[in-house]
Trainee: 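The structure under discussion is supplied below as C-alpha coordinates; questions concerning it will follow.
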Number of protein chains: 2
Amino acid sequence: MSSSRQESLIDRCKQHGLRITGQRRVILEVLDASDDHPDVEELHRRVSAIEPGVNIATVYRTMNKLAEQGLIERHQFDDGRLRYEPAPEEHHDHFINVETGEVIEFRSDEIEDLQEEIARKYGFEIVSHKLELYVRRRKGH
Amino acid sequence: MSSSRQESLIDRCKQHGLRITGQRRVILEVLDASDDHPDVEELHRRVSAIEPGVNIATVYRTMNKLAEQGLIERHQFDDGRLRYEPAPEEHHDHFINVETGEVIEFRSDEIEDLQEEIARKYGFEIVSHKLELYVRRRKGH
DNA sequence: ATACTTGCAAAAAGTTTGCAGGTCG
DNA sequence: CGACCTGCAAACTTTTTGCAAGTAT
(Lines give C-alpha, C1' and ligand atoms only; values in the text may rest on other atoms or scores of the structure.)
Protein backbone atom coordinates (compact mmCIF):
# COMPACT_ATOMS: atom_id res chain seq x y z
CA MET A 1 0.00 0.00 0.00
CA SER A 2 1.20 3.44 -0.68
CA SER A 3 -0.43 6.11 1.24
CA SER A 4 1.19 7.45 4.32
CA ARG A 5 -2.32 8.72 4.94
CA GLN A 6 -4.04 7.43 8.03
CA GLU A 7 -7.58 7.72 6.71
CA SER A 8 -8.95 5.49 3.97
CA LEU A 9 -10.34 6.87 0.76
CA ILE A 10 -13.65 5.23 1.59
CA ASP A 11 -13.97 7.27 4.76
CA ARG A 12 -13.02 10.43 2.96
CA CYS A 13 -15.61 9.74 0.29
CA LYS A 14 -18.29 9.29 2.92
CA GLN A 15 -17.31 12.58 4.50
CA HIS A 16 -17.70 14.20 1.12
CA GLY A 17 -21.15 12.74 0.70
CA LEU A 18 -20.33 10.27 -2.05
CA ARG A 19 -22.31 7.06 -1.99
CA ILE A 20 -20.31 3.91 -1.47
CA THR A 21 -21.42 1.31 -3.95
CA GLY A 22 -19.90 -2.10 -4.52
CA GLN A 23 -18.06 -0.83 -7.58
CA ARG A 24 -16.71 2.20 -5.80
CA ARG A 25 -15.61 0.17 -2.85
CA VAL A 26 -13.39 -1.90 -5.14
CA ILE A 27 -12.08 1.11 -7.04
CA LEU A 28 -11.18 2.90 -3.83
CA GLU A 29 -9.54 -0.20 -2.46
CA VAL A 30 -7.43 -0.44 -5.61
CA LEU A 31 -6.49 3.22 -5.35
CA ASP A 32 -5.56 2.88 -1.69
CA ALA A 33 -3.32 -0.03 -2.57
CA SER A 34 -1.63 1.80 -5.44
CA ASP A 35 1.82 3.18 -5.06
CA ASP A 36 2.08 4.24 -8.66
CA HIS A 37 0.20 6.43 -11.11
CA PRO A 38 -2.11 4.12 -13.04
CA ASP A 39 -4.19 5.23 -16.01
CA VAL A 40 -7.86 4.35 -16.35
CA GLU A 41 -7.24 1.22 -18.33
CA GLU A 42 -4.81 -0.07 -15.72
CA LEU A 43 -7.20 0.80 -12.91
CA HIS A 44 -9.96 -1.03 -14.72
CA ARG A 45 -7.67 -4.04 -15.11
CA ARG A 46 -6.90 -4.08 -11.39
CA VAL A 47 -10.53 -3.63 -10.44
CA SER A 48 -11.60 -6.38 -12.81
CA ALA A 49 -9.14 -8.77 -11.20
CA ILE A 50 -10.99 -8.35 -7.92
CA GLU A 51 -14.50 -7.96 -9.21
CA PRO A 52 -15.21 -8.58 -12.89
CA GLY A 53 -18.07 -6.78 -14.58
CA VAL A 54 -17.32 -3.23 -13.56
CA ASN A 55 -17.66 -1.08 -16.64
CA ILE A 56 -14.80 1.19 -17.63
CA ALA A 57 -17.23 4.10 -17.89
CA THR A 58 -17.84 3.66 -14.18
CA VAL A 59 -14.13 3.96 -13.54
CA TYR A 60 -14.00 7.15 -15.58
CA ARG A 61 -17.00 8.61 -13.78
CA THR A 62 -15.67 7.66 -10.38
CA MET A 63 -12.27 9.18 -11.07
CA ASN A 64 -13.92 12.39 -12.20
CA LYS A 65 -16.01 12.55 -9.06
CA LEU A 66 -13.00 11.94 -6.86
CA ALA A 67 -10.94 14.55 -8.66
CA GLU A 68 -13.81 17.02 -8.34
CA GLN A 69 -13.69 16.52 -4.59
CA GLY A 70 -9.94 16.80 -4.52
CA LEU A 71 -9.56 13.26 -3.25
CA ILE A 72 -7.26 12.23 -6.05
CA GLU A 73 -4.85 14.04 -8.30
CA ARG A 74 -4.99 13.85 -12.06
CA HIS A 75 -1.80 13.87 -14.09
CA GLN A 76 -1.04 13.88 -17.74
CA PHE A 77 2.51 12.93 -18.58
CA ASP A 78 3.91 12.81 -22.07
CA ASP A 79 2.15 9.62 -23.08
CA GLY A 80 -1.08 11.62 -23.25
CA ARG A 81 -3.23 9.45 -21.02
CA LEU A 82 -4.76 10.56 -17.75
CA ARG A 83 -3.14 9.08 -14.67
CA TYR A 84 -4.18 9.27 -11.04
CA GLU A 85 -2.83 9.10 -7.55
CA PRO A 86 -4.53 9.49 -4.17
CA ALA A 87 -4.23 13.16 -3.23
CA PRO A 88 -1.02 13.54 -1.27
CA GLU A 89 -0.81 15.38 2.05
CA GLU A 90 1.84 17.57 0.63
CA HIS A 91 2.53 18.57 -2.93
CA HIS A 92 5.29 16.76 -4.75
CA ASP A 93 6.72 16.62 -8.24
CA HIS A 94 7.70 13.74 -10.49
CA PHE A 95 10.63 12.13 -12.15
CA ILE A 96 9.62 10.11 -15.18
CA ASN A 97 12.24 7.58 -16.19
CA VAL A 98 12.15 7.75 -19.97
CA GLU A 99 13.74 4.32 -20.28
CA THR A 100 11.36 2.42 -18.05
CA GLY A 101 8.31 4.66 -17.80
CA GLU A 102 8.62 4.50 -14.02
CA VAL A 103 7.32 7.51 -12.08
CA ILE A 104 9.12 8.61 -8.92
CA GLU A 105 7.92 11.30 -6.56
CA PHE A 106 10.11 13.96 -5.04
CA ARG A 107 9.78 17.24 -3.27
CA SER A 108 12.00 20.27 -2.99
CA ASP A 109 11.14 23.22 -0.83
CA GLU A 110 13.79 25.29 -2.57
CA ILE A 111 12.04 24.80 -5.89
CA GLU A 112 8.63 25.49 -4.39
CA ASP A 113 9.91 28.72 -2.89
CA LEU A 114 11.64 29.76 -6.06
CA GLN A 115 8.45 29.25 -8.04
CA GLU A 116 6.51 31.48 -5.68
CA GLU A 117 9.17 34.11 -5.96
CA ILE A 118 9.22 34.08 -9.73
CA ALA A 119 5.45 34.17 -9.99
CA ARG A 120 5.36 37.14 -7.62
CA LYS A 121 7.95 38.91 -9.71
CA TYR A 122 5.63 38.61 -12.71
CA GLY A 123 2.60 39.75 -10.73
CA PHE A 124 1.00 36.33 -10.48
CA GLU A 125 -0.04 34.07 -7.69
CA ILE A 126 0.28 30.35 -8.20
CA VAL A 127 -2.92 28.34 -8.31
CA SER A 128 -1.20 25.04 -8.93
CA HIS A 129 1.86 23.81 -10.65
CA LYS A 130 3.43 20.87 -12.31
CA LEU A 131 7.07 19.96 -12.57
CA GLU A 132 8.04 16.88 -14.50
CA LEU A 133 11.65 15.84 -14.92
CA TYR A 134 12.14 13.31 -17.68
CA VAL A 135 15.26 11.48 -16.67
CA ARG A 136 17.62 8.61 -17.26
CA ARG A 137 19.69 6.67 -14.74
CA ARG A 138 23.24 8.04 -14.56
CA LYS A 139 25.91 5.75 -15.93
CA GLY A 140 28.66 4.67 -13.55
CA HIS A 141 26.35 5.88 -10.83
CA MET B 1 6.31 38.07 -34.98
CA SER B 2 7.78 36.13 -32.19
CA SER B 3 10.99 34.48 -32.79
CA SER B 4 14.17 36.13 -31.77
CA ARG B 5 15.65 33.63 -34.17
CA GLN B 6 17.44 35.07 -37.17
CA GLU B 7 16.77 32.20 -39.52
CA SER B 8 13.34 31.44 -40.91
CA LEU B 9 11.66 28.10 -40.37
CA ILE B 10 11.57 27.66 -44.14
CA ASP B 11 15.33 27.81 -44.36
CA ARG B 12 15.72 25.43 -41.48
CA CYS B 13 13.31 23.01 -43.12
CA LYS B 14 15.32 23.09 -46.32
CA GLN B 15 18.47 22.38 -44.38
CA HIS B 16 16.72 19.37 -42.89
CA GLY B 17 15.75 18.13 -46.31
CA LEU B 18 12.02 18.75 -45.99
CA ARG B 19 10.28 19.72 -49.22
CA ILE B 20 8.71 23.10 -49.29
CA THR B 21 5.24 22.83 -50.73
CA GLY B 22 2.66 25.57 -51.01
CA GLN B 23 0.86 24.27 -47.94
CA ARG B 24 3.99 24.03 -45.88
CA ARG B 25 5.10 27.48 -46.90
CA VAL B 26 1.90 28.89 -45.41
CA ILE B 27 2.08 26.76 -42.28
CA LEU B 28 5.68 27.80 -41.66
CA GLU B 29 4.84 31.40 -42.26
CA VAL B 30 2.05 31.16 -39.70
CA LEU B 31 4.38 29.51 -37.20
CA ASP B 32 7.04 32.14 -37.72
CA ALA B 33 4.47 34.82 -37.08
CA SER B 34 3.17 33.18 -33.90
CA ASP B 35 4.07 34.48 -30.53
CA ASP B 36 1.80 32.11 -28.69
CA HIS B 37 1.23 28.38 -28.38
CA PRO B 38 -1.52 27.52 -30.84
CA ASP B 39 -3.13 24.10 -31.07
CA VAL B 40 -3.70 22.35 -34.38
CA GLU B 41 -7.20 23.70 -34.82
CA GLU B 42 -6.00 27.25 -34.29
CA LEU B 43 -3.09 26.76 -36.68
CA HIS B 44 -5.47 25.42 -39.26
CA ARG B 45 -7.70 28.43 -38.77
CA ARG B 46 -4.79 30.82 -39.29
CA VAL B 47 -3.54 28.93 -42.30
CA SER B 48 -7.01 28.85 -43.82
CA ALA B 49 -7.28 32.61 -43.49
CA ILE B 50 -4.28 32.95 -45.79
CA GLU B 51 -4.88 30.00 -48.05
CA PRO B 52 -8.17 28.13 -47.81
CA GLY B 53 -8.28 24.47 -48.73
CA VAL B 54 -5.39 23.17 -46.68
CA ASN B 55 -6.57 20.03 -44.96
CA ILE B 56 -6.19 19.71 -41.21
CA ALA B 57 -4.52 16.31 -41.68
CA THR B 58 -1.77 18.15 -43.52
CA VAL B 59 -1.31 20.43 -40.55
CA TYR B 60 -1.06 17.43 -38.25
CA ARG B 61 1.41 15.70 -40.53
CA THR B 62 3.51 18.81 -40.94
CA MET B 63 3.67 19.45 -37.22
CA ASN B 64 4.75 15.88 -36.64
CA LYS B 65 7.48 16.18 -39.23
CA LEU B 66 8.72 19.44 -37.74
CA ALA B 67 8.70 18.04 -34.22
CA GLU B 68 10.58 14.98 -35.44
CA GLN B 69 13.30 17.31 -36.74
CA GLY B 70 13.28 19.32 -33.54
CA LEU B 71 12.19 22.44 -35.37
CA ILE B 72 9.20 23.00 -33.14
CA GLU B 73 8.33 22.10 -29.59
CA ARG B 74 5.21 20.20 -28.67
CA HIS B 75 3.39 20.97 -25.43
CA GLN B 76 0.42 19.53 -23.69
CA PHE B 77 -1.06 21.73 -21.01
CA ASP B 78 -4.03 20.83 -18.86
CA ASP B 79 -6.59 21.27 -21.60
CA GLY B 80 -5.24 18.11 -23.16
CA ARG B 81 -4.66 19.38 -26.69
CA LEU B 82 -1.30 19.47 -28.40
CA ARG B 83 0.16 22.94 -28.73
CA TYR B 84 3.25 24.08 -30.59
CA GLU B 85 5.85 26.77 -30.64
CA PRO B 86 8.90 27.27 -32.85
CA ALA B 87 11.81 25.63 -31.05
CA PRO B 88 13.41 28.25 -28.82
CA GLU B 89 17.15 28.90 -28.68
CA GLU B 90 17.09 28.38 -24.99
CA HIS B 91 14.77 26.36 -22.84
CA HIS B 92 12.03 28.19 -21.02
CA ASP B 93 9.02 27.34 -18.86
CA HIS B 94 5.44 28.54 -18.87
CA PHE B 95 2.91 30.40 -16.84
CA ILE B 96 -0.63 29.48 -17.77
CA ASN B 97 -3.14 32.07 -16.66
CA VAL B 98 -6.06 29.97 -15.47
CA GLU B 99 -8.47 32.85 -15.89
CA THR B 100 -7.62 33.76 -19.46
CA GLY B 101 -5.84 30.70 -20.82
CA GLU B 102 -2.95 32.94 -21.80
CA VAL B 103 0.49 31.33 -21.90
CA ILE B 104 3.54 33.36 -20.85
CA GLU B 105 7.12 32.20 -21.14
CA PHE B 106 9.74 32.65 -18.49
CA ARG B 107 13.14 31.34 -17.62
CA SER B 108 15.00 30.94 -14.36
CA ASP B 109 18.55 29.72 -14.18
CA GLU B 110 18.17 29.11 -10.46
CA ILE B 111 15.36 26.67 -11.10
CA GLU B 112 17.25 24.98 -13.92
CA ASP B 113 20.26 24.52 -11.69
CA LEU B 114 18.20 23.27 -8.80
CA GLN B 115 16.56 20.69 -11.01
CA GLU B 116 19.93 19.36 -12.11
CA GLU B 117 21.08 19.16 -8.56
CA ILE B 118 18.02 17.27 -7.38
CA ALA B 119 18.17 14.84 -10.27
CA ARG B 120 21.83 14.18 -9.53
CA LYS B 121 21.00 13.56 -5.90
CA TYR B 122 18.60 10.83 -6.99
CA GLY B 123 21.10 9.33 -9.43
CA PHE B 124 19.39 10.62 -12.55
CA GLU B 125 20.38 12.82 -15.42
CA ILE B 126 17.72 15.03 -16.94
CA VAL B 127 16.69 14.32 -20.50
CA SER B 128 14.09 17.06 -20.63
CA HIS B 129 11.73 18.74 -18.28
CA LYS B 130 8.50 20.60 -18.05
CA LEU B 131 7.50 23.22 -15.53
CA GLU B 132 4.05 24.71 -15.74
CA LEU B 133 2.82 27.28 -13.27
CA TYR B 134 -0.92 27.70 -13.33
CA VAL B 135 -1.45 31.20 -12.08
CA ARG B 136 -3.83 34.07 -11.49
CA ARG B 137 -3.11 37.79 -11.61
CA ARG B 138 -2.42 39.15 -8.12
CA LYS B 139 -5.11 41.45 -6.75
CA GLY B 140 -4.07 44.97 -5.91
CA HIS B 141 -1.05 44.26 -8.04
C1' DA C 1 -38.90 7.32 -1.61
C1' DT C 2 -35.69 9.50 -4.27
C1' DA C 3 -31.58 11.15 -5.60
C1' DC C 4 -27.45 9.09 -6.99
C1' DT C 5 -25.06 5.14 -9.71
C1' DT C 6 -24.41 1.77 -13.11
C1' DG C 7 -24.10 -0.78 -17.62
C1' DC C 8 -24.41 -0.45 -22.19
C1' DA C 9 -24.07 1.52 -26.46
C1' DA C 10 -23.53 5.54 -28.96
C1' DA C 11 -21.28 9.93 -29.45
C1' DA C 12 -17.49 13.19 -29.05
C1' DA C 13 -13.05 14.95 -29.52
C1' DG C 14 -8.50 14.70 -31.08
C1' DT C 15 -5.25 12.43 -33.92
C1' DT C 16 -3.55 9.03 -37.33
C1' DT C 17 -3.58 6.40 -41.60
C1' DG C 18 -4.49 4.16 -46.42
C1' DC C 19 -4.86 5.30 -50.80
C1' DA C 20 -4.98 7.56 -55.27
C1' DG C 21 -3.55 11.58 -57.35
C1' DG C 22 -0.39 15.62 -57.47
C1' DT C 23 4.12 18.08 -56.88
C1' DC C 24 9.01 19.28 -55.56
C1' DG C 25 13.71 18.83 -56.55
C1' DC D 1 11.32 10.77 -63.05
C1' DG D 2 11.06 9.25 -58.41
C1' DA D 3 10.44 10.23 -53.83
C1' DC D 4 7.78 12.95 -51.17
C1' DC D 5 3.41 15.39 -50.07
C1' DT D 6 -1.70 16.22 -50.09
C1' DG D 7 -6.81 15.67 -49.79
C1' DC D 8 -10.26 12.91 -48.43
C1' DA D 9 -12.54 9.63 -45.86
C1' DA D 10 -12.25 6.13 -42.74
C1' DA D 11 -10.16 4.31 -38.65
C1' DC D 12 -8.38 4.77 -34.01
C1' DT D 13 -7.88 6.09 -29.16
C1' DT D 14 -9.36 8.10 -25.21
C1' DT D 15 -13.04 10.07 -22.74
C1' DT D 16 -17.90 11.54 -22.19
C1' DT D 17 -22.90 11.07 -22.30
C1' DG D 18 -28.10 9.55 -22.71
C1' DC D 19 -31.03 6.46 -21.05
C1' DA D 20 -33.37 2.86 -18.59
C1' DA D 21 -32.75 -0.02 -14.74
C1' DG D 22 -30.74 -0.66 -10.12
C1' DT D 23 -29.17 0.79 -5.38
C1' DA D 24 -27.56 3.51 -1.20
C1' DT D 25 -29.18 6.36 2.27
Side-chain angles (χ1 to χ4, degrees), chain A residues 9-31 37-48 50-69 71-84 101, chain B residues 9-31 37-48 50-69 71-84 101:
Chain A
L9 264 177
I10 291 192
D11 290 338
R12 307 189 72 221
C13 280
K14 284 180 184 160
Q15 287 165 24
H16 282 254
L18 297 183
R19 292 191 177 172
I20 306 303
T21 65
Q23 293 90 326
R24 283 194 183 164
R25 195 181 305 279
V26 180
I27 293 171
L28 296 171
E29 182 184 319
V30 164
L31 280 171
H37 300 68
D39 60 25
V40 174
E41 204 183 326
E42 174 61 24
L43 282 171
H44 184 236
R45 198 175 298 126
R46 295 181 193 176
V47 166
S48 299
I50 299 176
E51 168 90 10
V54 177
N55 197 283
I56 197 165
T58 299
V59 180
Y60 273 108
R61 277 189 281 227
T62 301
M63 298 318 277
N64 283 343
K65 270 269 188 285
L66 295 178
E68 225 170 72
Q69 300 291 328
L71 300 177
I72 58 174
E73 242 175 44
R74 206 199 284 256
H75 299 291
Q76 193 162 32
F77 302 136
D78 272 356
D79 68 354
R81 274 177 294 188
L82 295 173
R83 298 171 172 278
Y84 301 91
Chain B
L9 264 176
I10 291 192
D11 291 337
R12 307 190 71 220
C13 280
K14 284 180 184 160
Q15 288 165 23
H16 283 255
L18 296 183
R19 291 193 177 171
I20 306 303
T21 65
Q23 293 90 325
R24 283 193 182 166
R25 196 181 305 279
V26 180
I27 293 171
L28 296 170
E29 183 183 318
V30 165
L31 280 171
H37 300 69
D39 59 27
V40 173
E41 204 182 327
E42 175 61 25
L43 282 170
H44 185 237
R45 199 176 297 126
R46 293 181 194 177
V47 166
S48 299
I50 299 175
E51 168 90 9
V54 177
N55 196 282
I56 197 166
T58 299
V59 181
Y60 273 109
R61 276 190 280 227
T62 301
M63 298 318 277
N64 283 344
K65 270 267 188 280
L66 296 178
E68 225 169 73
Q69 300 292 329
L71 300 176
I72 58 174
E73 241 176 44
R74 205 200 285 256
H75 298 290
Q76 193 163 33
F77 302 135
D78 272 355
D79 68 354
R81 274 178 293 190
L82 295 173
R83 297 170 173 279
Y84 301 90

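Remember, it's a predicted structure, so these values are computed and weren't measured experimentally. Proteins come first, then strands; the chains are lettered A, B, ... in the order of their sequence lines, and each starts at number 1.
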Trainee: What I want to find out is whether Glu29(A) reaches Arg25(A) closely enough, with some N-O distance under 4.0 Å, to be called a salt bridge.
Mentor: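 Answer for the salt bridge query: no.
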Trainee: So do Leu43(B) and Ile27(B) actually touch side chain to side chain, heavy atoms under 4.5 Å?
Mentor: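 Not in contact.
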Trainee: Sugar-phosphate atoms are those with a prime plus P, OP1 and OP2; base atoms are the rest. Using that split, label each nucleotide of nucleotides 3-12 of chain D B, S or - for protein heavy atoms under 4.0 Å, 5' to 3'.
Mentor: BBSSBB----
Trainee: Which heavy atom in Ile72(B) sits nearest to a heavy atom in Ala67(B), and how many Å separate them?
Mentor: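 For Ile72(B) versus Ala67(B), the nearest heavy atoms are CG1-N, 3.6 Å.
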Trainee: Does any pair with a residue in residues 56-67 of chain A pass side-chain hydrogen bond (donor to acceptor under 3.5 Å, both in side chains), and if so which ones, sequence neighbours excluded?
Mentor: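 Listed by first then second residue: Asn64(A)-Arg74(A).
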Trainee: Tell me the bend of the helix from dA1(C)-dT25(D) to dG25(C)-dC1(D) as the angle between end helix axes, each from five pairs, rounded to the nearest 10 degrees.
Mentor: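 Taking the rotation axis at each end, their angle is 40°.
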Trainee: Using atom types as modelled and distance alone, determine if a side-chain donor or acceptor of His16(A) lies under 3.5 Å from a backbone N or O of Leu66(A).
Mentor: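 Between the backbone of Leu66(A) and the side chain of His16(A) there is no qualifying donor-acceptor contact (under 3.5 Å).
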Trainee: Kindly give the heavy-atom pair with the smallest separation between Ile56(A) and His44(A), and that separation in Å.
Mentor: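 Minimum heavy-atom separation between Ile56(A) and His44(A): N-NE2, 3.7 Å.
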Trainee: When you match Arg74(B) and Arg25(B) each to their closest nucleotide on DNA chain C, which lands nearer the 5' end?
Mentor: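 Final value for this comparison: Arg74(B).
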Trainee: By the 4.0 Å heavy-atom rule, please label Asn64(B) as base, sugar-phosphate, or nothing.
Mentor: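 The answer is sugar-phosphate, as Asn64(B) gets under 4.0 Å only of primed atoms, P, OP1 or OP2.
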Trainee: How would you list, by chain and number, every residue that makes a salt bridge (Lys or Arg N to Asp or Glu O under 4.0 Å) with Glu73(B), sequence neighbours excluded?
Mentor: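 Residues passing salt bridge (Lys or Arg N to Asp or Glu O under 4.0 Å) with Glu73(B): none at all.
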Trainee: Rounding to an integer number of Å, can you tell me how far Leu82(A) CG sits from dT13(D) P?
Mentor: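 Taking atom P of dT13(D) as the reference, CG of Leu82(A) is at 17 Å.
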Trainee: Would you give the length of the straight line joining atom OG1 of Thr21(B) to atom CG of Leu28(B), rounded to the nearest 0.5 angstrom?
Mentor: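 The OG1 atom of Thr21(B) sits 8.5 Å away from the CG atom of Leu28(B).
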Trainee: How far apart are the closest heavy atoms of Gln76(A) and Phe77(B), and which atoms are they?
Mentor: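 Scanning both residues completely, I find the closest heavy atoms to be OE1-O, 4.2 Å.
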Trainee: With a 4.0 angstrom cut-off to heavy atoms of chain B, pull out the first and last contacting nucleotide of DNA chain C, in 5'-to-3' order.
Mentor: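 The protein-touched segment is dG14(C) to dG25(C).
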Trainee: Once side-chain hydrogen bond (donor to acceptor under 3.5 Å, both in side chains) is applied, do any residues pair with Glu51(A), and if so which ones, sequence neighbours excluded?
Mentor: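 Scan of Glu51(A) (side-chain hydrogen bond (donor to acceptor under 3.5 Å, both in side chains), adjacent residues dropped) gives none.
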